[in-house]
Each structure stands twice: as structure tokens, then as C-alpha cells.
2 protein chains.
Amino acid sequence: MNPQIETRSKIRADIIKALAHPSRVLIAEALSDGERCVQDLTKLVGADISTVSKHLSIMKKSGWLEVEKRGLNQFYRLRCPCLLEFFRCVDLINQVRPKNIENQGCC
Amino acid sequence: MNPQIETRSKIRADIIKALAHPSRVLIAEALSDGERCVQDLTKLVGADISTVSKHLSIMKKSGWLEVEKRGLNQFYRLRCPCLLEFFRCVDLINQVRPKNIENQGCC
DNA sequence: CATCTATTTGGCTTTTATGCCAAATATATA
DNA sequence: TATATATTTGGCATAAAAGCCAAATAGATG
């Protein structure tokens, strides 16, 4: 396989992976409404704060989030609104996904 | 946390997870150009055919792919063209992703 | 400066995902 | 019916991801 395409697929997969977890999806959704600090996101997710911090770090590293420190808080925000389209696409797939019984067609 | 939202995040994460692997990204990209059988995708990916078959099964179960049998072959195809937008979004994130050195802004 | 709050990091265990081989299944064709 | 081709499935070993606790760091505030 073409090594360039291999690299590109790897990069894309890494970025997609950074969203491929229920807590991270939830975080992304929350941030589409505006920036939040770690505590608030921790309340939302309902996991240990260290776990949430690690999720945020994964999302930041991948490019989905940026962060700004103000006082004691780190405020995370979404870098691109395109994420919302991303979710619309995913929800569409969910509608056509085979739920044990076969179904057809899509958009 | 609201259990409905929890469920929805889980569903979304499962669908996203079905793309979160370099081989599956590559497969998705190839299929955006039209249906392919397992052998062809195996050549493309360069893994064992049983591995590729399992990737395809994950993608099918999640709703991304559908399959049609003709003769000895199983032809897989993309269910929704929205996947291509999905990748455009991902590539955009890659452009703004921090590559060790900090960078700013986006779309 | 001591202390408090917010967040991150290290370390470790448990869970989940991946990949190959071998075997099974399904279908075409001699 | 025997055989060949295409694909899937089971099983197992290895690798990667997740989650918690405890400890470290960073910055505010008394």
C-alpha cells in the first residue's frame, strides 16, 4: 500500500479515535455550546476528575480542543464547529444502522 | 447524568469507533469510490483476509456499510456519502492540530 | 509564606481491541 | 458429487485504552 496513504489513514484514525468514547462525545457536545472548565465537565461526565483530564488531553492533542487558563481554571473549547456536522452524520448512520432486523437505504 | 444522553453518547461513540482504525479509514475511503469485494479490500489494506473481514463486519454492524452477495463474492458499499464530509472535517482538524509547537485558530 | 483550589501526571490493574492461524461455511464449477 | 474459491468464525496471544488512586504541580488567597 502507498505509504503516504497509509500515513494519512493513520492520522485520520487518530483524530477519529479521539472522539470514539462516550465521555469524549459528551464533552464535545457540551463544548459545542461554549467553553467549560474541567470541574464542570467532570460533573457532566460523572467519572474521576483525573480520568476526565486525560480525556481532555487526548482531545486537545488530536486537535479537537484548545485550552485557555484563567485563574485556577483551564477552560477548554472546541476548535471547529464542523464537529456538529460530524455528529449529524453519525446520527444519520444510527438511523439506518441494522438493529438486528435488516433495513435499507439512507440519505 | 441524564441516562438518555448517556445512551446517545454511547451509540455515537460506537459508530465513531467503527471508523477509528487506519484500515477501516482506508476501507471507507476506497468504498466511497464504489463497492468492493473482500479480496480487493484485503489487497488494499495488506492484512490477513480474516482481519479485513472482521473490520468489515464491525463497519457493517455500526451502520456504515451494507453488503450484497453476488456469486462467491460479498460486495461491500458505503451506506452514506456523508462520510466524505466527515473526513473533510477530520482533515481540517489535522491542519490545525498542535504539532508539538502551538498554533492557533481554525475554520 | 502557608494553605486552599483546580488540574495534571504516574503507576497500576482491568477491560477492550487487534491480528493471525486454523477450521467452518457457502457457493460455484468440473 | 468432489473440488476450488471467497468469506466468515472461533480461539488465542499480544497490544492498546480506560479508570482509579495517590502524588505532583500551578496558581490564588489569607
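Chain letters run A, B, ... following the sequence lines, proteins first and then strands; every chain starts at 1. No experiment lies behind these values; they were computed from the predicted model shown.
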Open item on the list: With heavy-atom distances below 4.5 Å as the criterion, would you say the side chains of B:Ile15 and A:Phe87 are in contact?
Closed with: no

Task: Electrostatic pair A:Asp40-A:Lys43, nearest N-O below 4.0 angstrom - done: yes

Open item on the list: Expected output is a numbered-order residue list: members of residues 28-57 of chain B with a heavy atom under 4.0 Å from any atom of DNA chain C. What is it?
Closed with: B:Ala47, B:Asp48, B:Ser50, B:Thr51, B:Lys54, B:His55

- [ ] For DNA chain C, determine which residues of residues 16-23 of chain B have any heavy atom closer than 4.0 angstrom to one of its atoms, and list them numerically.
- [x] B:Lys17, B:His21

- [ ] Check every strand shown and say whether A:Arg70 touches a base, only sugar-phosphate, or nothing at a heavy-atom separation below 4.0 Å.
- [x] nothing

Open item on the list: Once you apply a heavy-atom cut-off of 4.0 Å, does B:Tyr76 come out as touching a base, just sugar-phosphate, or nothing?
Closed with: sugar-phosphate

- [ ] Begin from the C-alpha positions of B:Arg70 and B:Glu35 and carry the test salt bridge (charged side-chain N to carboxylate O under 4.0 Å, His left out) through to its verdict.
- [x] CA-CA 12 Å; B:Arg70 291 202 303 276; B:Glu35 62 174 25; 2.6 Å; yes

Open item on the list: Parallel, tilted or perpendicular: which one describes the rings of A:Trp64 and A:Phe86, with boundaries at 30° and 60°?
Closed with: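 Correct class here is perpendicular.
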
- [ ] Please state how far atom CG in A:Leu72 lies from atom P in D:dT25, giving the value in whole angstrom units.
- [x]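 Distance check: A:Leu72 CG to D:dT25 P gives 17 Å.
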
Task: B:Gln74 CD to D:dT7 P, straight-line distance once rounded to whole Å - done: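 In whole Å, D:dT7 P and B:Gln74 CD are 7 Å from each other.
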
- [ ] Check every nucleotide of DNA chain C for an atom under 4.0 Å from a heavy-atom of chain B, then give the first and the last such nucleotide from 5' to 3'.
- [x] C:dA17 to C:dA28

- [ ] List the steps and the verdict of side chain to side chain contact (heavy atoms under 4.5 Å, CB included) for A:Tyr76 and A:Ile27.
- [x] CA-CA 10 Å; A:Tyr76 282 89; A:Ile27 288 168; over 6 Å; no

Open item on the list: One pair to check against side chain to side chain contact (heavy atoms under 4.5 Å, CB included): A:Leu41 and A:Leu31. What are the steps and the verdict?
Closed with: CA-CA 9 Å; A:Leu41 293 170; A:Leu31 294 183; 4.2 Å; yes

Open item on the list: I need the B:Leu83 CG to B:Glu85 CD distance, nearest 0.5 Å.
Closed with: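 Separation between the atoms: 10.0 Å.
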
